[in-house]
Amino acid sequence: MTSLPQPKPTQDIRGQRFDQNSLPANLQGAIAGQKTLHKGLLVAALGLGCGLASELTAVLSTTLGLELFGLGRFAGTFYESFLNTVVLLLWLTIATYNRWDRALWVGLVALGGGIALQGLLGQLGTIPLVDGYFFIATAITVFTCWTIFALTFGLVRWALAAVDILCLQAARVKWLGLVLVALGAIVGSAIGSSPNPYREGNIPVATAAETVIARLFGITFTLAVVLLAWVANRRRHSPWHYPDGIRDWALAWGAVGGTSFHNLDLNQVNFAGASLANTDLRGKSLYRTCFRQAQRLERARTDSRYLDLDNPKVQHLLTQGTSPDKDFRGLNLQGINLRAAENCPPADLQEMDFAGANLMGADLRGANLTGSNLAQANLVNADLSEATLTDVCIEDWHINPSTRFQGVTCQRVFLRRSAKGHFLDPQPERGEFQPGEFEAWVAAIQRSVSLSFQEAVNPQALAFALTQTAINYHSPDLFSVQKIDPQGQGATAQIDIASENFLQLDKDEVQQALNTQYQSAVQRLEAGYELTLQAKDSEIQHVRQLFSQQQTMIERLTGQLAERSSPVMIQGEGNQIYMIQNAGGMTVTNQETNINAGGNVDMSSGTRISVGGDLSGTVDMSTGGRVSIGGDVVGSSILSTLSGQVTTSIQQLRGVEVSGSDELADILSTLQQAIDADSALSESQKKEALEAVETIAEEGKKPPEQRTAKLCSMAMNALKGVAATVSDVSKLATVLQSSLPPLLLLLGL
């Protein structure tokens with residue numbers, strides 16, 4: 001358990017504005033925000049603003065009331081006031097219960113419809129006929145009143161939200177604000193109903209009854225605006241709803257004069273247990289900043305420049321170490337600090353969805369991620385030491401050698417997620433990871449790259465791509481093929497990078513280079529051209545062996561043979577050596593003497609040679625002579641040793657207590673005899689077939705539930721691949737044809 005730094009005595013940092021030099025590293029338990037007097041002034045300014053806005057609204061409302069209930073009948077503006085009132089009521093209602101833009105369109109439609117109706121009634125003689133200028137004046141009047149009412153509505157909504165941000169006892173403050181609004185409405189209604197000295201003499205003064213009605217109308221209308229603003233905030237959960245413009249403005253007002261960390265590097269600053277209300281936390285960097293058990297972070301002014309700290313569920317996650325909302329897909333969580341610490345329980349991230357999330361550099365030490373989705377998540381440089389990762393989905397996650405997994409608890413992971421969200425392809429396929437195995441498994445992944453193929457893998461092209469790319473990186477032994485898994489019509493190959501090199505390489509760059517070399521090789525082979533490996537003279541012999549080993553391994557993993565009709569040439573600095581890969585053998589060509597040889601070959605004079613057919617003798621290269629052999633070079637002693645190993649494995653198979661072991665041993669023994677006696681098979685083909693028989697024998701010793709189905713399947717594919725390259729008179733092909741059905745049945749394939 002990691003301990004947080006010991007806190008200093010409670011630090012009161014209210015009202016302070018820090019710079020980088022004065023920033024403390026440990027602010028655990030500190031009290032931030034504004035001084036009491038400053039906060040009081042901010043609240044008073046809100047109340048004063050709302051009071052003045054209600055007064056102006058009451059003036060307009062009372063004037064409308066006079067036009068509606070009295071003077072309008074004589075001044076000819078009754079219809080205009082009525083239209084104004086209808087438009088305002090419609091807009092306020094829609095803006096309260098729906099989006100503001102929809103309310104705007106409803107208001108515009110109502111205004112246009114009302115003006116059109118006024119013109120129609122004028123034509124019919126129902127109301128006095130007016131000219132076009134009157135319609136323009138009506139529109140301007142309605143727009144003016146509409147703008148003032150909208151500003152008041154928005155101001156009250158913002159003020160109510162700002163009070164929630166500033167005050168813990170917001171309800172009491174809102175009641176005081178309502179008193180100010182009511183006073184403003186009363187004063188405004190009195191102003192709006194007072195006699196107008198500029199009124200034309202032929203317009204009568206309103207009666208006492210009309211004045212009272214107009215004042216009541218103005219006060220009611222004003223209080224209705226305030227009430228609807230309150231209802232709108234409640235419906236939208238302002239200021240806590242995210243994202244929301246009112247929330248942003250309220251948080252900005254709430255941070256005025258408060259503690260400021262604006263634009264500072266807050267990396268690894270400890271805010272654990274601090275009170276952060278009314279604080280400006282728009283830091284330029286928040287790498288592993290600790291907010292565990294911090295209070296009122298939702299009242300601080302934040303942004304999303306570095307991470308999505310302005311998102312309420314991210315704030316809850318950082319302060320509480322968990323979240324009731326488990327959907328964090330695609331969020332920027334880089335550098336978050338959720339490590340287990342003293343007085344802070346481990347982060348509970350069970351069954352959370354972090355698909356596509358940016359967790360680069362995150363400190364997740366000790367976190368419980370059981371059942372979580374980490375598909376496409378970026379965990380580069382993240383620390384998951386001591387974390388629990390059982391049953392997580394890691395499809396296409398991004399890790400690097402600096403991603404730490406020391407002491408991880410993990411029984412199983414899933415490599416893929418279905419479209420419906422189900423986790424698929426468990427790893428390991430059977431059983432579970434033992435302590436330390438997951439860390440080792442991930443380490444192997446970290447130093448490997450994955451290549452995807454849309455069609456069947458071309459072994460020769462892939463071997464060429466691996467060899468040439470390794471030469472380009474000045475490390476011929478850079479790559480080794482670990483496995484090739486079928487995927488639909490294509491396959492996926494896992495390529496390991498030598499442990500001494502992978503820390504210095506860009507894996508994305510390596511993957512791109514391998515893909516480019518492979519595609520180029522496939523195109524040249526399809527066009528009938530040879531492949532040319534570019535190497536130094538001193539590397540040619542080693543490169544030749546490396547290429548041959550790579551191709552043999554790939555053929556074994558894919559269960560297919562490479563097309564041998566296309567040559568592979570190694571081009572050195574001073575000569576060229578062609579490796580002609582075909583059934584008959586190979587030819588080596590250079591700029592010096594060509595020698596055909598069979599049996600023993602002495603190269604003591606440094607001569608370059610060309611060997612046709614199988615070479616079963618010895619080669620003396622004591623003085624550095626060079627030879628390149630693309631045919632079959634397998635000594636009889638090697639085959640004899642391998643055949644003996646197969647015989648031993650088959651004999652051991654007969655002695656195990658596994659159902660069908662004796663029958664399986666009989667079939668494998670028949671196959672071995674056919675391989676040894678088959679003259680249609682080359683030495684390398686016999687070697688490959690015997691290795692496949694040995695693999696099946698070794699797997700056959702195990703109980704069916706413990707067998708590795710993939711190894712059995714690959715061995716069967718290797719046998720079928722060898723048999724497919726020879727004629728029907730082959731003894732192996734004949735025996736395999738009759739043995740294949742019972743063999744597949746016994747292996748459970």
Side-chain angles (χ1 to χ4, degrees), residues 326 328-330 349-357 359 368-380 382 384 387-400 403 405 408-457 462 480-496 507 511 515 554 556-559 699 702 704-717 747-749:
K326 297 183 180 296
F328 288 83
R329 289 174 297 174
L349 309 179
Q350 298 183 69
E351 298 182 356
M352 289 193 176
D353 193 347
F354 292 104
L359 289 160
N368 186 354
L369 285 149
T370 301
S372 293
N373 182 19
L374 296 176
Q376 292 90 43
N378 184 355
L379 287 159
V380 171
L384 292 105
T388 301
L389 297 178
T390 298
D391 290 340
V392 301
C393 179
I394 61 172
E395 179 183 6
D396 294 333
W397 68 346
H398 302 286
I399 59 176
N400 69 340
T403 305
F405 294 97
V408 161
T409 299
C410 181
Q411 299 172 351
R412 175 181 61 176
V413 294
F414 293 90
L415 304 182
R416 193 164 58 89
R417 189 186 191 203
S418 70
K420 294 184 178 180
H422 302 301
F423 292 175
L424 307 173
D425 296 345
Q427 181 69 28
E429 296 178 355
R430 296 184 181 90
E432 58 186 40
F433 288 117
Q434 298 304 310
E437 286 186 352
F438 175 77
E439 186 177 342
W441 181 74
V442 170
I445 293 178
Q446 287 177 314
R447 61 174 185 266
S448 67
V449 294
S450 179
L451 300 181
S452 296
F453 305 91
Q454 301 299 320
E455 299 176 348
V457 177
L462 182 54
S480 61
V481 183
Q482 293 302 301
K483 63 179 180 178
I484 298 178
D485 296 323
Q487 296 284 346
Q489 299 296 320
T492 300
Q494 180 181 323
I495 313 297
D496 266 17
K507 288 174 62 175
Q511 187 178 44
N515 276 321
I554 295 166
R556 184 177 302 164
L557 292 173
T558 57
E699 290 298 310
K702 306 175 184 176
E705 65 274 7
Q706 295 181 9
R707 293 173 184 166
T708 304
K710 186 176 295 184
L711 286 178
C712 294
S713 179
M714 289 168 56
M716 291 300 301
N717 288 336
L747 294 174
L749 299 177

> Looking at residues at least two apart in the chain, or sitting in another chain, which of them share a salt bridge (Lys or Arg N to Asp or Glu O under 4.0 Å) with E395?
Replying inline: none

> Can you list the residues that meet the ring-ring contact (aromatic ring centres under 6.0 Å, His included) rule with F453, with sequence neighbours excluded?
Replying inline: Y518

>> According to side chain to side chain contact (heavy atoms under 4.5 Å, CB included), who are the partners of N400, at least two apart in sequence or on a separate chain?
In response: V380, N381, S402, T403

> With sequence neighbours left out, what residues match D396 under salt bridge (Lys or Arg N to Asp or Glu O under 4.0 Å)?
Replying inline: none

>> If I take atom CD from residue Q411 and atom CG from residue L389, how far apart are they, to the nearest 0.5 angstrom?
In response: 11.5 Å

Distance-only donor-acceptor pairs under 3.5 Å for side chains of residues 421-428, two or more places apart:
| residue | atom | partner | partner atom | Å |
| --- | --- | --- | --- | --- |
| D425 | OD2 | R416 | NE | 3.1 |

>> I'd like to check the side chain to side chain contact (heavy atoms under 4.5 Å, CB included) partners of S480; sequence neighbours left out, ordered by chain and number.
In response: Q482, D496

> Side chain of Q350, backbone of G371: donor and acceptor closer than 3.5 Å?
Replying inline: no

> Say you draw a straight line from CG of L557 to CD of Q494; how long is it, rounded to the nearest 0.5 Å?
Replying inline: 11.0 Å

>> According to side chain to side chain donor-acceptor pair (under 3.5 Å), who are the partners of Q376, at least two apart in sequence or on a separate chain?
In response: none

> Residues two or more places apart in sequence or in another chain: which of them pass salt bridge (Lys or Arg N to Asp or Glu O under 4.0 Å) with D391?
Replying inline: R412

>> Nearest 0.5 Å, please: how far is CD1 in I394 from SG in C410?
In response: 8.0 Å

> Can you list the residues that meet the side chain to side chain contact (heavy atoms under 4.5 Å, CB included) rule with T409, with sequence neighbours excluded?
Replying inline: T388

>> Treating T492 as the side-chain partner and D485 as the backbone partner, does any N or O pair qualify as donor plus acceptor under 3.5 Å?
In response: no

> If every non-hydrogen atom of C393 is compared with every non-hydrogen atom of R417, which pair is closest and at what distance?
Replying inline: SG-CB, 3.8 Å

>> Evaluate N378 against L359 for side-chain contact (heavy atoms from CB on, under 4.5 Å), listing each step before the verdict.
In response: CA-CA 5 Å; N378 184 355; L359 289 160; 5.9 Å; no

>> As a quick check of understanding, evaluate side-chain contact (heavy atoms from CB on, under 4.5 Å) for L462 and L451, giving each step before the final call.
In response: CA-CA 10 Å; L462 182 54; L451 300 181; 4.0 Å; yes

> In terms of ring plane angle, is the pair F405 and W397 parallel, tilted or perpendicular, where the classes change at 30° and 60°?
Replying inline: tilted

> Any side-chain heavy atom of M352 within less than 4.5 Å of one from L369?
Replying inline: no

>> Please enumerate all residues that pass side chain to side chain donor-acceptor pair (under 3.5 Å) together with T390, with sequence neighbours excluded.
In response: none

> Does any pair with a residue in residues 432-445 pass salt bridge (Lys or Arg N to Asp or Glu O under 4.0 Å), and if so which ones, sequence neighbours excluded?
Replying inline: none

> Which residues pass the salt bridge (Lys or Arg N to Asp or Glu O under 4.0 Å) test with K702, sequence neighbours left out?
Replying inline: E699

